[in-house]
**Q** 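Mind having a look at this structure? Questions to follow.
All values below were derived from every heavy atom in this structure, side-chain atoms included, with hydrogens, water molecules and symmetry-related copies excluded.
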Amino acid sequence: MINKINELKNISLGPDMIGVAPASRFDENDPIFKILPETKSVICLGYRILRGTHRGIEEGTAYHHYTTMAIEVLEETVMPMMALRCARILEEEGYIALPQKKNQVVMQEEDSTNPEILYNKIYRGKSAEYQMNYEESAAKCGLGEIGVSGTLLTDDFGPLQRYCFVLTDAEIEPTPEFTPHICDNCGECIKACPGKAIKDKKKEPWQCAAYYAGANMSKNPFMSSHALPHREDRLEILNGEKQLSAEDAKDVMNNISYYPPIMHSYISSICGNACDRACYIHLEEKGVLNKKFKNKFRTREEWKLDVK
């Protein structure tokens, strides 16, 4: 069975990584057993985020490539099709197979949000408990480890990948558990966040959402010099120094929409996951990533605009 699944890597737009975790690696109360109580194995299909999709935001020149090609196309087209192919392989052998995509428009917590999705498009209801913990599940499938920012890190691509899953009642040969060795707690991801949203190995969701969307004027070339005139704390916000409540974040996002959303309610990222870029640059400079490139990712001093 595992050989047939691994063959997916060899087809057009096949996954870069495949990992399998037995159900025994998950707590008995894990959402996977609410989604599919018969789950015996969890299959993770991992896809690289093309390094080039980060170039426009790194240079401050073009912003749509990251959200469209690194998020929307993978989440809405490539990965669902590959998860369905994987599921069909299992069904042909007589097993149940249930694909799971990461960016469902549903949240586990009433007071949380997904920075990549328009907050008013997120459903917060009873079915929210039926959602996997995607980062932890990918790590349990042997793809990599969780870094300081809460992002999955892999040997080939560092923080630059996305992934989907297939739950099945088939018992499949598991991938060995990953031994953490990539993250050295350098803190570059924390320093790079334009809104100081990373704390205790996770991102504060509403803080992240506002600054992902471009609340820091120094990193947003589309920001009007008259932004947020109704806020007495506007300079604190625009400098990334304000700790935002959920209501603050909603107000800020409602008033900084200078770049159109993508088709499937994806926020057009202005920060472009600056934490991931900083992490990637650090790992590349250390020479620890297996996937090498002819030129360094960051080739000049990082740009910054004046806040007025």
Side-chain angles (χ1 to χ4, degrees), residues 1-28 30-51 53 69-104 130-146 151-182 289-292:
M1 179 66 68
I2 189 62
N3 290 334
K4 288 185 177 180
I5 293 172
N6 279 327
E7 287 175 4
L8 292 172
K9 292 181 181 179
N10 301 322
I11 67 177
S12 176
L13 293 178
D16 295 289
M17 302 166 282
I18 298 177
V20 179
S24 59
R25 289 183 189 170
F26 295 81
D27 182 89
E28 63 181 8
D30 193 279
I32 64 169
F33 300 116
K34 296 179 181 178
I35 299 167
L36 183 67
E38 302 91 342
T39 297
K40 295 290 190 298
S41 300
V42 178
I43 303 167
C44 183
L45 309 176
Y47 278 80
R48 75 182 75 186
I49 291 175
L50 293 176
R51 194 168 176 262
T53 62
M69 301 306 295
I71 301 177
E72 184 184 39
V73 171
L74 288 179
E75 291 288 349
E76 302 298 335
T77 304
V78 177
M79 292 195 294
M81 292 301 295
M82 200 53 55
L84 287 171
R85 294 190 71 157
C86 180
R88 289 180 62 176
I89 291 172
L90 291 157
E91 280 214 348
E92 288 300 312
E93 299 294 330
Y95 296 105
I96 296 173
L98 181 59
Q100 295 289 296
K101 67 190 292 285
K102 181 179 179 183
N103 267 1
Q104 297 166 303
Y130 296 93
Q131 183 166 310
M132 298 173 64
N133 184 314
Y134 298 102
E135 286 71 27
E136 287 186 8
S137 297
K140 287 176 180 176
C141 288
L143 261 66
E145 66 185 80
I146 306 300
T151 298
L152 182 79
L153 307 179
T154 66
D155 282 324
D156 285 340
F157 310 112
L160 303 187
Q161 59 268 311
R162 297 184 79 89
Y163 32 85
C164 61
F165 299 88
V166 176
L167 307 182
T168 179
D169 61 346
E171 293 188 0
I172 303 173
E173 180 182 346
T175 303
E177 293 191 71
F178 194 88
T179 301
H181 61 274
I182 303 173
L289 299 178
N290 293 337
K291 179 63 177 173
K292 309 294 183 183

**Q** With sequence neighbours excluded, what pairs up with F178 under the ring pair (Phe, Tyr, Trp, His ring centres under 6.0 Å) test?
**A**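 Expected list: H181.
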**Q** For the residue pair G46 and Y163, what are the closest heavy atoms and their distance?
**A**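 Result for this residue pair: CA-CB, 4.0 Å.
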**Q** Taking side-chain contact (heavy atoms from CB on, under 4.5 Å) as the test, write out the residues that go with C164, two or more places apart.
**A**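 Listed in chain order: L45, M79, A83.
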**Q** Looking at side-chain heavy atoms only, is the closest gap between M17 and F157 below 4.5 Å?
**A**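 M17 vs F157: side chains touch.
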**Q** Partners of E75 by side chain to side chain donor-acceptor pair (under 3.5 Å), sequence neighbours excluded?
**A**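 Side chain to side chain donor-acceptor pair (under 3.5 Å) list for E75, sorted by chain: R162.
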**Q** Which residues pass the salt bridge (Lys or Arg N to Asp or Glu O under 4.0 Å) test with K40, not counting sequence neighbours?
**A**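 For K40 there are no salt bridge (Lys or Arg N to Asp or Glu O under 4.0 Å) partners, ignoring immediate neighbours.
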**Q** Please list, chain by chain and in numerical order, all residues satisfying salt bridge (Lys or Arg N to Asp or Glu O under 4.0 Å) with E76, sequence neighbours excluded.
**A**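 With sequence neighbours excluded, E76 shows a salt bridge (Lys or Arg N to Asp or Glu O under 4.0 Å) to K101, given in chain and number order.
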**Q** Kindly list each side-chain donor-acceptor pair under 3.5 angstrom involving residues 85-95, sequence neighbours excluded, with atom names and distances?
**A**
| from | atom 1 | to | atom 2 | distance (Å) |
| --- | --- | --- | --- | --- |
| E93 | OE2 | K4 | NZ | 2.5 |

**Q** Provide the closest heavy-atom pair for G14 versus M82 in the form atom of the first, atom of the second, distance.
**A**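 So the minimum-distance heavy-atom pair works out to CA-CE, 3.9 Å.
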**Q** Please enumerate all residues that pass side-chain contact (heavy atoms from CB on, under 4.5 Å) together with T39, with sequence neighbours excluded.
**A**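 Expected list: I32, F33, L36, V42, L167.
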**Q** Has S41 got a side-chain atom pairing as donor or acceptor with I172's backbone, closer than 3.5 angstrom?
**A**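 Present.
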**Q** Do you know which two heavy atoms are closest between C141 and T175, and how far apart they sit?
**A**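 Looking at all heavy atoms of both residues, the shortest contact is O-CB, 3.4 Å.
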**Q** Under the salt bridge (charged side-chain N to carboxylate O under 4.0 Å, His left out) rule, what pairs show up with a residue in residues 131-145, not counting sequence neighbours?
**A**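 Output for this query lists K102-E135.
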**Q** Can you check whether I43 reaches I18 side chain to side chain, under 4.5 Å on heavy atoms?
**A**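 Yes - at least one pair of side-chain heavy atoms lies under 4.5 Å apart.
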**Q** Which pairs pass side-chain hydrogen bond (donor to acceptor under 3.5 Å, both in side chains) with one or both residues in residues 164-173, sequence neighbours excluded?
**A**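 Counting only pairs at least two positions apart or across chains, no side-chain hydrogen bond (donor to acceptor under 3.5 Å, both in side chains) contact touches residues 164-173.
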**Q** Applying side-chain hydrogen bond (donor to acceptor under 3.5 Å, both in side chains), which residue pairs with at least one partner in residues 12-26 are found, sequence neighbours left out?
**A**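 The answer is D16-R48.
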**Q** Do the side chains of F165 and S137 get nearer than 4.5 Å, heavy atoms only?
**A**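 Answer yes - side chains close enough.
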**Q** What closest approach, in Å, do G158 and L289 show between heavy atoms, and which atom pair accounts for it?
**A**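 So the minimum-distance heavy-atom pair works out to N-CD2, 3.6 Å.
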**Q** So, using side chain to side chain donor-acceptor pair (under 3.5 Å) as the criterion, who are the partners of T154 when residues are at least two apart?
**A**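 Listed in chain order: Q161.
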**Q** Supply the atom-to-atom distance L160 CG to L153 CG, rounded to the nearest 0.5 angstrom.
**A**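 One finds 9.5 Å between CG of L160 and CG of L153.
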**Q** Just by distance, do the side chain of T77 and the backbone of L74 share a donor-acceptor pair under 3.5 Å?
**A**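 Side chain of T77 to backbone of L74, a donor-acceptor pair under 3.5 Å: no, none is there.
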**Q** Side chains of V166 and L98, heavy atoms from C-beta outward: is any pair under 4.5 Å?
**A**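 Side chain of V166 against side chain of L98, heavy atoms only: no contact under 4.5 Å found.
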**Q** Only counting residues at least two apart or in another chain, list the ones meeting side-chain contact (heavy atoms from CB on, under 4.5 Å) with N290.
**A**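 D155, D156.
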**Q** Indicate the atoms forming the closest heavy-atom contact of L8 with P15, along with that distance.
**A**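 Looking at all heavy atoms of both residues, the closest pair is O-CD, 3.5 Å.
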